[in-house]
Undergrad: 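For reference, the structure I am asking about is given below.
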Amino acid sequence: NAGVTQTPKFRVLKTGQSMTLLCAQDMNHEYMYWYRQDPGMGLRLIHYSVGEGTTAKGEVPDGYNVSRLKKQNFLLGLESAAPSQTSVYFCASSYDGSYGYTFGSGTRLTVV
Amino acid sequence: KNQVEQSPQSLIILEGKNCTLQCNYTVSPFSNLRWYKQDTGRGPVSLTIMTFSENTKSNGRYTATLDADTKQSSLHITASQLSDSASYICVVSAMVTGGGNKLTFGTGTQLKVEL
């Protein structure tokens, strides 16, 4: 009964380094999302997926890439990290994209 | 532009007291409105979801109201407990072409319950 699991929980990167954040869900949800949460701002959508093998851009996609090779996993990649990408990243999933979303517990990323 | 505004930004109340949080939105076409609770260091957890035709929904000590005409919602917390200390986020969902929804998040009301 794990729901949505994000790894890692914390990470510190140097500017220019790359990394991948992993999101895994065990609820057989079709839709998956990556959000970022910054102080004083609402969550903003980075990328999303409406099913295995599909991805689409959200509000703030620049500097990020995603992949959904398996239905249960949604990966968020940073190819060349920048200090502006310091944030808390949340993954969420939804059965049909229209009603209940389940969020992971977040990844706190600091880029120095 | 779709927007969700919440007030107050922060609130401190004594344990056992009631409080009401406000949410105003300009989102269309409206699909549903959600209230989430976010504990420090955790992801948001859904409290209530209301569609256009629902104007009240309860979840234990949490009661949400929706006035779709004035585009306002409130979250009322009864008999507050220390564990209610969290950020409460109002999220409004708009229908999008092709299915699915687009969510617009408020910035949250930070509630602190003290002894």
Side-chain angles (χ1 to χ4, degrees), chain A residues 1-10 21 23-25 27 29-51 54-61 74 87-109, chain B residues 1-10 21 23-27 29-54 57 59 64 86-110:
Chain A
N1 197 22
V4 176
T5 303
Q6 291 184 233
T7 53
K9 295 191 184 303
F10 303 94
L21 283 67
C23 176
Q25 53 95 3
M27 298 170 286
H29 284 174
E30 290 293 336
Y31 288 64
M32 296 187 74
Y33 311 84
W34 277 107
Y35 290 91
R36 60 178 289 173
Q37 186 175 40
D38 299 296
M41 302 184 74
L43 273 76
R44 292 181 293 168
L45 182 64
I46 303 171
H47 285 282
Y48 66 99
S49 168
V50 300
T54 74
T55 62
K57 294 181 179 180
E59 303 174 62
V60 289
F74 195 30
S87 187
V88 182
Y89 291 85
F90 288 99
C91 177
S93 72
S94 169
Y95 178 71
D96 61 1
S98 62
Y99 215 59
Y101 280 40
T102 301
F103 284 85
S105 57
T107 295
R108 183 172 293 276
L109 175 66
Chain B
K1 181 182 177 183
N2 290 340
Q3 286 188 309
V4 175
E5 295 184 354
Q6 294 186 242
S7 61
Q9 196 170 17
S10 62
L21 314 181
C23 173
N24 295 338
Y25 63 92
T26 54
V27 173
F30 179 86
S31 177
N32 56 66
L33 185 145
R34 314 156 187 226
W35 283 95
Y36 283 87
K37 178 186 180 189
Q38 185 176 20
D39 292 313
T40 300
R42 308 292 295 175
V45 174
S46 180
L47 295 175
T48 63
I49 301 176
M50 289 183 291
T51 59
F52 185 87
S53 58
E54 297 173 297
K57 202 154 204 180
N59 177 0
S87 178
Y88 291 84
I89 303 173
C90 177
V91 184
V92 183
S93 179
M95 294 177 281
V96 296
T97 306
N101 280 215
K102 178 180 177 359
L103 303 188
T104 302
F105 289 77
T107 55
T109 291
Q110 189 68 43

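Just so we're clear, the structure is a prediction, and the values are computed from it rather than from any experiment. Proteins come first, then strands; the chains are lettered A, B, ... in the order of their sequence lines, and each starts at number 1.
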Undergrad: Does any backbone or side-chain atom of B/Ile49 lie under 4.5 Å from a heavy atom of chain A? Answer side chain, backbone, both or neither.
TA: both
Undergrad: Quick check for you: among A/Gln37, A/Gln6, A/Arg44, A/Lys9, which has the greatest number of heavy-atom pairs under 4.5 Å with chain B?
TA: A/Gln37
Undergrad: Quick one: does B/Leu103's side chain get under 4.5 Å of A/Tyr101's, heavy atoms only?
TA: yes
Undergrad: Which answer fits B/Thr104, side chain, backbone, both or neither, if we ask what part of it has an atom under 4.5 Å from a heavy atom of chain A?
TA: neither
Undergrad: Verify whether the ring centers belonging to B/Phe105 and A/Tyr35 lie closer than 6.0 Å.
TA: yes
Undergrad: Does any heavy atom of chain B fall under 4.5 Å from the side chain of A/Leu45, the backbone, both, or neither of them?
TA: neither
Undergrad: Looking at A/Phe90, I want to see if its CZ is surrounded by more than 12 non-hydrogen atoms of other residues, nucleotides or ligands under 6.0 Å.
TA: yes
Undergrad: Who wins among B/Gln6, B/Arg34, B/Gln38 for the most heavy-atom pairs under 4.5 Å with chain A?
TA: B/Arg34
Undergrad: Under the salt bridge (Lys or Arg N to Asp or Glu O under 4.0 Å) test, which residues partner B/Glu54, sequence neighbours left out?
TA: B/Lys57
Undergrad: By number, which residues in residues 39-46 of chain B have some heavy atom less than 4.5 Å away from chain A?
TA: B/Gly41, B/Arg42, B/Gly43, B/Pro44
